[in-house]
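Step one of this worksheet: look at the structure below.
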Amino acid sequence: ALATYFALQPLGAWLSDGIVWFFRAMLDWGGPMAGYLLAATFLPVVTTGLHQGLWPIHAELLNTLKENPLFPILAMAGAGQVGAVIAIYLKTKNRKLKKIIGSALPIGILGIGEPLIYGVTLPLVRPFVAACLGAGFGGAVQVYFNVAFVALGVSGLPAVTLVRPGSAVHYLIGLIVAYIGGFIMTWLIGFDDPKNEDEPTI
């Protein structure tokens with residue numbers, strides 16, 4: 001009990017302050033480029049499940065700064081993926097893939113990206129990379145407009161309700177930019193379209 005009170009709690013407070021300072025300094029010094037890098041590298045974090053560990057950081061940002069500038073940036077990762085799967089839907093001739101996208105896309109727009117990751121982009125590999133690259137543009141826009149959340153919740157389109165008053169339009173602009181970025185990058189990079197099960201493999 002004494003160790004917890006006199007050592008672990010001060011250490012935890014120091015770490016929390018340090019993490020908040022790191023992300024704040026990164027955004028202040030790196031500007032839109034930092035927003036691009038954070039958004040572009042977040043999807044690989046999601047695939048490992050480590051993104052769940054960021055919730056205490058989001059809460060601490062709200063506690064310390066009374067707003068969270070990190071969350072809207074990271075939310076662009078899912079938006080880039082939405083744009084990527086729309087491009088896949090328009091280009092693929094695989095009926096099964098189209099059905100998967102048709103059922104998972106609305107969920108992705110609402111901020112739940114795992115069905116799109118594991119069902120569509122990650123198995124195709126290149127669209128996953130394209131989604132990351134496209135998402136970065138949305139992250140840069142969020143930093144440029146200094147968008148921040150004032151509450152915790154889901155990402156995607158519903159997150160517009162979490163934005164600091166007066167910044168909803170800016171958040172939506174970043175969201176649309178990420179959609180378009182993911183779409184264009186996937187369209188340009190392309191992917192190996194899987195054959196329908198009833199088609200010959202040769």
Side-chain angles (χ1 to χ4, degrees), residues 32-33 35-49 51 70-145 147 149 153-163 167-199:
M33 180 56 68
Y36 183 95
L37 291 174
L38 286 169
T41 56
F42 189 58
L43 274 183
V45 175
V46 175
T47 62
T48 65
H51 64 296
L70 179 62
F71 200 165
I73 297 170
L74 302 183
M76 296 301 100
Q81 190 169 223
V82 167
V85 298
I86 292 174
I88 295 170
Y89 186 87
L90 294 177
K91 293 190 78 170
T92 185
K93 294 180 173 59
N94 186 278
R95 294 184 292 272
K96 182 179 179 181
L97 187 56
K98 281 183 177 288
K99 288 182 180 179
I100 293 173
I101 294 174
S103 61
L105 182 58
I107 303 172
I109 294 173
L110 295 177
I112 309 299
E114 284 82 357
L116 294 178
I117 292 176
Y118 299 113
V120 184
T121 59
L122 193 57
L124 295 176
V125 182
R126 279 185 285 169
F128 181 80
V129 176
C132 294
L133 297 175
F137 295 106
V141 170
Q142 300 298 336
V143 176
Y144 179 80
F145 286 121
V147 177
F149 288 174
V154 297
S155 60
L157 187 59
V160 71
T161 60
L162 309 175
V163 177
S167 297
V169 172
H170 295 148
Y171 174 76
L172 291 174
I173 290 173
L175 196 70
I176 293 170
V177 168
Y179 288 160
I180 295 173
F183 181 94
I184 292 176
M185 296 304 295
T186 303
W187 197 271
L188 293 177
I189 294 175
F191 58 95
D192 295 325
D193 194 18
K195 292 184 177 295
N196 289 299
E197 295 179 356
D198 57 351
E199 291 182 358

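Keep in mind the model is a prediction, meaning the values are calculated, not measured.
By the side-chain contact (heavy atoms from CB on, under 4.5 Å) test, Y118 is found to be paired with T47, E114, L122, residues two or more places apart in sequence or in another chain being considered. Remark: A140 pairs with P32, Y36 by the side-chain contact (heavy atoms from CB on, under 4.5 Å) rule, at least two apart or across chains.
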Under the criterion side chain to side chain contact (heavy atoms under 4.5 Å, CB included), I'd like the reasoning laid out for V163 against V147: C-alpha separation, chi angles, the key distance, then a yes or no. CA-CA 7 Å; V163 177; V147 177; 4.1 Å; yes

Applying side chain to side chain contact (heavy atoms under 4.5 Å, CB included), run through F183 and L90 and close with a yes or a no. CA-CA 10 Å; F183 181 94; L90 294 177; 3.7 Å; yes

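Scanning both residues, G182 and T186, for their nearest heavy atoms gives O-OG1, 2.8 Å. Of all heavy-atom pairs between S103 and P106, the closest is O-CD, 3.8 Å. In terms of heavy-atom proximity, G174 sits nearest to V141 at CA-CG1, 3.6 Å. A pairwise comparison of heavy atoms in L38 and L74 identifies O-CD2, 3.7 Å as the closest pair.
For residues 167-183, the pairs satisfying side-chain hydrogen bond (donor to acceptor under 3.5 Å, both in side chains) are R164-S167, with sequence neighbours left out. Legend: ring pair (Phe, Tyr, Trp, His ring centres under 6.0 Å) pairs involving residues 70-99, not counting sequence neighbours, sorted by first then second residue: W55-F71, H58-F71, F71-F149.
We find the CG-OG distance between L110 and S155 to be 10.0 Å, quoted to the nearest 0.5 Å. Atom CD1 in I173 sits 9.5 Å away from atom CD in Q142 (nearest 0.5 Å). To the nearest 0.5 angstrom, I176 atom CD1 is 9.0 Å from L157 atom CG.
Between the side chain of N94 and the main chain of D193, no donor-acceptor pair closer than 3.5 Å is present.
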Tabulate below the donor-acceptor pairs under 3.5 Å that side-chain atoms of residues 126-138 make, not counting sequence neighbours, or state none.
from : atom 1 : to   : atom 2 : distance (Å)
R126 : NH1    : I189 : O      : 3.4
R126 : NH2    : D192 : OD1    : 2.8

Show me the donor-acceptor pairs within less than 3.5 Å that the side chains of residues 76-88 make with the rest of the protein, sequence neighbours left out.
from : atom 1 : to   : atom 2 : distance (Å)
Q81  : OE1    : I117 : N      : 3.2
Q81  : OE1    : T121 : OG1    : 2.8
Q81  : NE2    : G113 : O      : 3.4

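Residue K91 qualifies as enclosed at atom NZ: its count of foreign heavy atoms under 6.0 Å is above 12.
With contacts defined as side-chain heavy-atom distances shorter than 4.5 Å, the pair L116/I100 does not qualify. By the 4.5 Å heavy-atom criterion applied to side chains, P72 and L175 are not counted as neighbours. Contact annotation: the side chain of F42 never approaches that of I73 to less than 4.5 Å [non-hydrogen atoms, C-beta and beyond].
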